[in-house]
Amino acid sequence: MTNIGDATEVRLTGRLEFTDHDRLRDIVELVERSDMRRFVIDLSALEFIDSAGLGMLLILQEETETRNVKMIVRGAAGDVKRSIDLARLGEIITIES
C-alpha cells in the first residue's frame, strides 16, 4: 500500500480468486478507515483472476462509490486483462492501462 496525497494505491500480486476473500476484507477495511479521494488498484503483478476475483473488484467499486472515492484499476495485462475485458468491467469500473 502506498499513500500519495489524497490517493491510496494497493498492488495485488499472484492470484485473485475465491479463496482470497480475506484479502478483500482487509482492503474494504482500508477503504473504510481512510479519508482518501482516489483508490488505485494496481494489477500489474497479478497473474490470474477468476470470476470471484472479478466479483471482488465489483464489491470494492461499490464500497468506494458509497464513500465518494474514485476507484481506478490499473496495469492489468495478459489473462487478467482478457478476463476483465470479457466481463466488461470497464463499463462499471475505471480501467487504466
Which heavy-atom pair separates M56 from H21 by the least distance, and what is that distance? CE-N, 4.0 Å

Once you round to the nearest 0.5 Å, how far does CD1 of I41 lie from CD1 of I27? 6.0 Å

For T8, enumerate each residue passing the side-chain hydrogen bond (donor to acceptor under 3.5 Å, both in side chains) test, keeping only those at least two apart in sequence or located in another chain. N3

Residues at least two apart in sequence or cross-chain that pass salt bridge (Lys or Arg N to Asp or Glu O under 4.0 Å) with D79, listed by chain then number, are R82

hydrophobic_cluster_shared for V80 and I92, side chain cutoff 4.5 Å: yes

Between L54 and A87, the two heavy atoms sitting closest are CD1-CB, 3.8 Å

Partners of D85 by side-chain hydrogen bond (donor to acceptor under 3.5 Å, both in side chains), sequence neighbours excluded? K81

Please identify each residue that fulfils side-chain contact (heavy atoms from CB on, under 4.5 Å) with D35, with sequence neighbours left out. none

ILVMFWY cluster, I72 and V10 together (side-chain gap under 4.5 Å): no

Holding to side-chain contact (heavy atoms from CB on, under 4.5 Å), I want the full list of residues that pass it with R15, two or more places apart in sequence or in another chain. E17, F48

Give the intermediate values and the outcome of side chain to side chain contact (heavy atoms under 4.5 Å, CB included) for residues V28 and L60. CA-CA 7 Å; V28 168; L60 286 172; 3.8 Å; yes

Any salt bridge (charged side-chain N to carboxylate O under 4.0 Å, His left out) involving residues 37-53? Give me the pairs, sequence neighbours left out, ordered by first then second residue. R11-D42

Kindly work out whether a path of hydrophobic side-chain contacts (I/L/V/M/F/W/Y, heavy atoms less than 4.5 Å apart) joins L12 to F18. no

Could you tell me which residues satisfy side-chain hydrogen bond (donor to acceptor under 3.5 Å, both in side chains) with D22, sequence neighbours excluded, listed by chain and number? R25

Would you find more than 12 non-hydrogen atoms of other residues, nucleotides or ligands less than 6.0 Å from E29 atom CD? yes

Sequence neighbours excluded, which residues qualify as side-chain contact (heavy atoms from CB on, under 4.5 Å) partners of I93? L57, L58, Q61, M71, V73, L89, I95

Suppose the criterion is side chain to side chain donor-acceptor pair (under 3.5 Å): which pairs have a residue in residues 86-97, not counting sequence neighbours? K70-T94, R74-E96, R88-E91

Establish whether I59 and M36 are linked, either directly or via other cluster members, by ILVMFWY side-chain heavy-atom contacts under 4.5 Å. yes

Let me check something: do V40 and I84 share a hydrophobic cluster, defined by ILVMFWY side-chain heavy atoms less than 4.5 Å apart, either directly or through other members? no

